[in-house]
Amino acid sequence: MGIFHAILRGILGWTHRETHDEREPPPVSSSFPYLGPSIGLLLRKSNYLVDLFTRYQQPIYTIRMPFTRLYVVNHPSLISASQRQINSIAFGPVGRDFGFLFSGLTKQSQEMIKRSGKFKNNGDYDKSSGNIGAIIHSYMRDPPTLETLTTAAVASLAKGIQGWNSAFNGFGMFEKIAHEMTLALTNAVYGPQNPFREEIVESSWRQFLPGISKLLLFPSITARSSLHARNRLIVAFESYFANGGHRQASAMVQSNHQLGLDFGLLPTELAKTEIPVCLALLSSGALAASWLLFHIYSDPAILTGCRRELLVLAETFYTEDGKLNRYLDATQIKSKCPILYSTLRETLRHHSTIISAKSVTEDVMLADQYLLKKGSILLIPGQVIHKSPVVWGVDADTFDHRRFVLPDMTQKKVGTSAFRPFGAGDTMCPGRHFSTDVILSLVAMIVLQFDLEPESGQWTAPTTKGADIWNTVPKPDNDIPVLAKPTQASDKVQLKVGWGALKKNVLNG
Ligand code: HEM
């Protein structure tokens, strides 16, 4: 066994040296080339890239994996350079293949989509043509669409939070927030026939997610229950479209549906194309909101600061029957509540485990310095840059809720080569404005109405060892059971939250 091990190691080491061009980024050594990094990534996930940076401190390096090279970029100037080379370093192929993998589209449907002329020669999305990515981008930057979606999501959240008085106590905080956010986001996007209103659809979604990382290797064995859950989701979306649910939905869903018809997809295949949309919509917002709540409620100074500025913003008024109410226009939170907004940005900086992944589609020199070979994958681990003392100062590792607040109480601007929770460049998350506004609205509703206390009596940050590598905000290993007590003030003054200035219908609604 020992000899076999030594021979294999020798062969792999030799292959590694012989096939590495010295103009490429320096290789980082592994006691077992090819296999060592695969195991490291499998076990340590995004933390593996942090470990390698801590050990080698390289601005860019090469990892050799079976069948591919990974170039890992850690320095802001090289990150900027890579973001400028959008033709030779593209997200599209990685994103498209990942989308195909977890949506479960048949090979035939994949070919129909690839041949549709909606992608550029390098496999990247053609933003000028209609494809799912391009459609989401266009709607998410269209102010009337954003307004309609955010209004609907905030209304749905307000309704959900109203029910907390009786139903919340004893629930896990992450689970409860995931439920409220899932309903709010999907109600906004899918309209009155939203499939996620059925409990079985929401629970199938949660059952499907952990299987995504296992889809590459023998999924029928390793991800069996996850695949069953995905089938239930596909059936739910198929009947949603068959019943005309999309006709009452957001314009984005209608355009996606039309696109599926243009591709010539059969109804079941067309239903599958909603799986990547749901993944983009649902995978990070609830986790970000929950971590934000954790930081706010575990530190009295943050809670006081956020609550105070929200109370200043909320307008008090009397209803027709003479009752005192308070109205919060959630469109104002980002600009008028600098501490809350900064705490959200710090939460994203502190917790984000984003690894931006791009395909190298032709041989290219990065910053005139490093050769990147066609067919390789370029990775930018957000965690390394988000915790870099060079970028953020000596306290880069600590949580400072005022990090983004300037002395005049405006927000500090930070470029996307340093602050990357939403990625950057051409493929920067199109849902960032929508989700930021929805998260801030939800957290404002809770902060103004409830005191959250952990059942254990002490706030302890959960570990995240089991979080999936593809997720940009990590899932905790265990939930935090909490008690939600209405604040003293909320007994006397009823709160209403809406998206937009106080309207007549709010008074009696
Ligand atoms: C806190 C919530 C969210 C976070 C942290 C987040 C983060 C990200 C990140 C890091 C990327 C990759 C960007 C890159 O590699 O350059 C991404 C892409 C994307 N996100 Fe989000 N996202 C969030 C919410 C949303 C929502 C609500 C939507 C709604 C539709 C959405 C839609 C997308 C889409 C479609 C892409 C792919 C973009 C492309 O390929 O061009 N995201 N997101």
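Just follow the structure's listing: the first ligand is 1, and inside any ligand the first atom is 1.
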Exercise. Do any N or O atoms from the side chain of W164 and from the backbone of I446 form a donor-acceptor pair under 3.5 angstrom?
Worked result: no
Exercise. Taking S356 as the fixed residue, which of R420, Q83, M428 is the one that meets the side-chain contact (heavy atoms from CB on, under 4.5 Å) rule?
Worked result: R420
Seminar exercise, completed: Per-atom filter on ligand 1: closer than 4.0 angstrom to a heavy atom of G285 are 1 (C), 2 (C)
Exercise. Within the structure, does L348 bring an N/O atom to less than 3.5 angstrom of an N/O atom in ligand 1?
Worked result: no
Seminar exercise, completed: Heavy-atom proximity to atom 36 (C) of ligand 1 ranks first, among P430, A280, A188, for P430
Exercise. Is there a side-chain contact between Y341 and S335, using heavy atoms and a 4.5 Å cut-off?
Worked result: no
Exercise. Which of the numbered atoms in ligand 1 are below 4.0 angstrom from a heavy atom of L281?
Worked result: 27 (C), 29 (C)
Problem set entry | Ligand-residue contact atoms, ligand 1 with T472, heavy atoms, under 4.0 Å | 5 (C), 7 (C), 10 (C)
Exercise. For ligand 1, which atoms, with element, lie under 4.0 Å from some heavy atom of A424?
Worked result: 16 (O)
Seminar exercise, completed: A student checking ligand 1 against M140 at a 4.0 Å heavy-atom cut-off should list atoms 29 (C), 30 (C)
For this session: For this output row, return yes or no: ring centroids of Y190 and F237 closer than 6.0 angstrom.
Result: yes
Problem set entry | Check: L41 and L70 side chains under 4.5 Å, non-hydrogen atoms | yes
Problem set entry | Min N/O separation T427 to ligand 1 under 3.5 Å | yes
Seminar exercise, completed: One finds that the ligand 1 atoms under 4.0 Å from a non-hydrogen atom of I136 are 30 (C), 35 (C)
For this session: Sort out for me which residue in S283, S46, S284, S352 forms a side chain to side chain donor-acceptor pair (under 3.5 Å) with T472.
Result: S284
For this session: Work out whether the distance between some heavy atom of G425 and some atom of ligand 1 is less than 4.0 Å.
Result: no
For this session: Could you tell me whether a side-chain N or O of D142 sits under 3.5 Å from a main-chain N or O of T145, the two making a donor and an acceptor?
Result: yes
Exercise. Short list, please: which atoms of ligand 1 are under 4.0 Å from a heavy atom of I354?
Worked result: 10 (C)
Problem set entry | Where ligand 1 meets G423 - atom numbers and elements under 4.0 angstrom, heavy-atom basis | 10 (C), 13 (C), 14 (C), 16 (O)
Problem set entry | Contact (N/O only, under 3.5 Å) between H137 and ligand 1 | yes
For this session: Check whether the ring centres of W392 and F404 lie less than 6.0 Å apart, and answer yes or no.
Result: yes
Exercise. Is a side-chain donor or acceptor of E269 paired with a backbone partner of T106 at a separation under 3.5 angstrom?
Worked result: yes
